[in-house]
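The next block holds one structure in the form of C-alpha cells; read it before the comments.
Lettering follows sequence order; numbering is per chain, from 1.
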There are 2 protein chains.
Amino acid sequence: MVPRKTTTRERLITTAAELFRRQGYAQTGVNQIIQEANATSGSFYHFFPAKEDLLLAVVDHIAEVFESGIFAPAAERASDPIDEIFTILDLYRQQLSTEGFTFGSPMAGLSTEVSENHPQVRVRLAEIFADWSGRIEELLRRAGSRLPPSLDRTALAQFVVCTIEGAGLGTRLNQSLAPFDAAIAQLSSYFDLLGDRIGGTTAVATAGRPASVTSPVSDWRSW
Amino acid sequence: MVPRKTTTRERLITTAAELFRRQGYAQTGVNQIIQEANATSGSFYHFFPAKEDLLLAVVDHIAEVFESGIFAPAAERASDPIDEIFTILDLYRQQLSTEGFTFGSPMAGLSTEVSENHPQVRVRLAEIFADWSGRIEELLRRAGSRLPPSLDRTALAQFVVCTIEGAGLGTRLNQSLAPFDAAIAQLSSYFDLLGDRIGGTTAVATAGRPASVTSPVSDWRSW
DNA sequence: GTCTATACCCTGATAGAC
DNA sequence: GTCTATCAGGGTATAGAC
C-alpha cells in the first residue's frame with residue numbers, strides 16, 4: 001500500500017494525506033496513521049510535535065502533487081494556452097479517483113473542516129487556491145486575442161477553480177465522475193461562447209478538448 | 001442565542017446545525033451541543049439514540065430551511081423564471097453568512113465529512129442536491145424560447161448548483177462573500193451569452209439581476 | 001421528558017530504554 | 001530515530017431517580 005524505500009516521515013505524510021482525504025482530519029486518529037504507515041508512536045512524535053503539524057505537512061504535500069502531477073505535465077503536453085487549461089482539468093479529473101473509488105477534491109474536505117479550527121492552515125489553503133487561480137489567469141492572458149479583450153481574466157480564472165471544486169463535491173457525493181464531466185462540459189461551452197464573441201465561431205473551440213471532457217455524460221442525478 | 005418557546009428537540013437540532021456548519025460534525029461534541037442548547041444528556045439521548053440520528057435530523061432541517069428561506073420566497077418575489085434563478089442565488093448568498101461571520105455552504109462541509117463514514121447520510125444529501133438541481137431545471141424549462149432550444153437544461157441546472165457549492169468553498173476559505181459574488185457574475189455572463197444565441201442581445205439580460213449580483217466585486221485573492 | 005452521576009473507551013501525547 | 005508502555009482527558013453513551 002505504501003511505496004517502499006521511503007523514509008518514515010514520507011510514509012506518514014502520504015498515508016495521512018490519503019486518510020484525511022477519505023475520512024477527514026478529525027476522524028482520522030493518529031494511531032491509524034501510525035499503523036497504516038508502518039511506524040510507531042515514537043517516530044510520529046519525533047517528526048511532528050502535534051497532529052496539527054502533520055496536517056500542515058500534508059497540505060504542502062498536496063500542493064506538490066498538484067505541481068508535479070497536474071501543472072507540470074499539462075504545460076509540457078498542451079499545444080496552446082486554452083488547451084492547457086482543459087488539460088489541467090483533465091489531469092485533475094484523474095486525481096479525483098484512486099483505485100476505483102471516488103473521493104472528490106483532496107483539498108475541499110480539508111478546507112471546510114479545518115478553516116474554522118486551524119486558521120493557519122486555512123490561510124495556507126487559500127494561498128494554494130490563489131496560486132492555482134493565478135496560473136490559470138496567466139494562461140488566459142496568453143490566449144490573447146482568442147478571448148474578448150474586455151474579458152476579466154482574473155474573474156474567469158477564479159470561476160474555473162470554483163467550478164472544479166464544486167464539481168468535486170458532486171463527484172464525491174454521487175461517487176461518480178459524471179458530475180465533474182458535466183461541469184467541465186458546461187465550462188467548455190462557456191469558453192466557446194466567449195470565443196464566438198470575437199469573430200469566427202471556432203476561435204476557442206478549435207483548441208480541442210481532451211477526450212474525457214467532450215465525451216457524453218450521464219445524468220448526474222441518476223448515478 | 002436560541003429562540004425561546006421552542007421544544008428541546010428543536011433547540012438541539014438548530015443548535016447542532018449551527019455548530020456542525022461552523023466546526024464540522026466530528027469536531028462538535030455532544031456535550032457542547034447539549035450545553036449550548038440548554039439541554040441535558042438525558043434529553044438528548046431521549047430524542048436521539050445516537051449522535052448520528054441527530055445528524056440525519058440536522059440534514060432534514062437544512063433542507064427545510066432551503067425550502068422556506070430560499071425557494072419559497074424566490075418563487076413569490078420573482079417576475080420570471082430566469083429572474084427567479086438569480087433570486088435564489090441572491091437569497092442563498094444571504095444564508096452564507098450569519099452574524100457577520102462567513103461559514104460557507106451549510107451542506108458542503110457535511111457532504112465531504114460524512115460521505116465516507118455515513119453512507120445513509122450521503123445518499124440523503126445527494127437527494128437534496130438533486131432536488132435543488134431539479135427545481136432550477138424546471139425554471140430553465142419555463143424560460144422557454146429565451147434560451148436556445150438545443151440547450152441541455154439538465155446539465156445547465158447541475159452546473160448552477162455546482163457553481164454555488166464551489167463558490168461557497170471560496171467564501172469560507174477567504175472569509176468573504178467576494179468569491180461568491182464573482183462566481184455569480186460569471187454565471188450571469190454565461191446566461192447572457194446563451195441568450196445572445198437566440199436573437200436580440202438582451203433576451204436573457206433584460207430579466208434583470210438582484211443588486212448584489214451585479215455589484216462590482218473585489219479581487220478574490222486580495223480579500 | 002428531564003435530571004445527575006458515571007461507565008467505558010479511544011484520543012492525542014509523553015517517558016525513557018535502546 | 002525507533003520502540004513499548006502508559007498517562008490524562010474528553011468522547012459517546014447509559015442508569016436510574018424524579
Could you state the atom-to-atom distance from [atom1] of [X] to [atom2] of [N] in whole Å?
X: His46(A); N: dA15(C); atom1: NE2; atom2: C1'; result: 16 Å
X: Gln35(A); N: dC3(D); atom1: CD; atom2: P; result: 14 Å
X: Ile33(A); N: dC10(C); atom1: CD1; atom2: C1'; result: 15 Å
X: Gln23(A); N: dC10(C); atom1: CD; atom2: P; result: 15 Å
X: Arg11(B); N: dG1(C); atom1: CZ; atom2: P; result: 13 Å
X: Ile34(A); N: dC10(C); atom1: CD1; atom2: P; result: 16 Å
X: Asn117(A); N: dG12(C); atom1: CG; atom2: P; result: 14 Å
X: Leu54(A); N: dG12(C); atom1: CG; atom2: P; result: 11 Å

Has the side chain of Arg21(B) got a donor or acceptor atom that lies under 3.5 Å from a matching backbone atom of Gly104(B)?
->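 Such a contact is found between Arg21(B) side chain and Gly104(B) backbone.
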**Request:** Indicate yes or no for a side-chain donor-acceptor contact from Glu113(B) to the backbone of Tyr25(B) under 3.5 Å, with no hydrogens or angles considered.
**Result:**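 Checked: pair present.
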Check your understanding: Any ion pair linking Asp80(B) and Arg142(B) (charged N to carboxylate O, less than 4.0 Å)?
Key ->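 A salt bridge is absent here (no side-chain N lies under 4.0 Å from a carboxylate O).
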In 5'-to-3' order, the base (B), backbone-only (S) or no-contact (-) status of each nucleotide in nucleotides 5-14 of chain D, using a 4.0 angstrom heavy-atom cut-off, is B------BBB
Evaluate Gln158(B) against Ser133(B) for side chain to side chain donor-acceptor pair (under 3.5 Å), listing each step before the verdict.
CA-CA 5 Å; Gln158(B) 291 166 1; Ser133(B) 177; 4.8 Å; no
In terms of side-chain heavy atoms, does Thr28(B) have a donor or acceptor partner in Gln23(B) at a distance below 3.5 Å?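 The answer is yes; a qualifying pair exists.
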Checklist line | All pairs passing salt bridge (charged side-chain N to carboxylate O under 4.0 Å, His left out) where residues 56-70 of chain A contributes a residue, at least two apart | finding: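 Residue pairs passing salt bridge (charged side-chain N to carboxylate O under 4.0 Å, His left out), neighbours aside: Asp60(A)-Arg124(A), Glu67(A)-Arg135(A).
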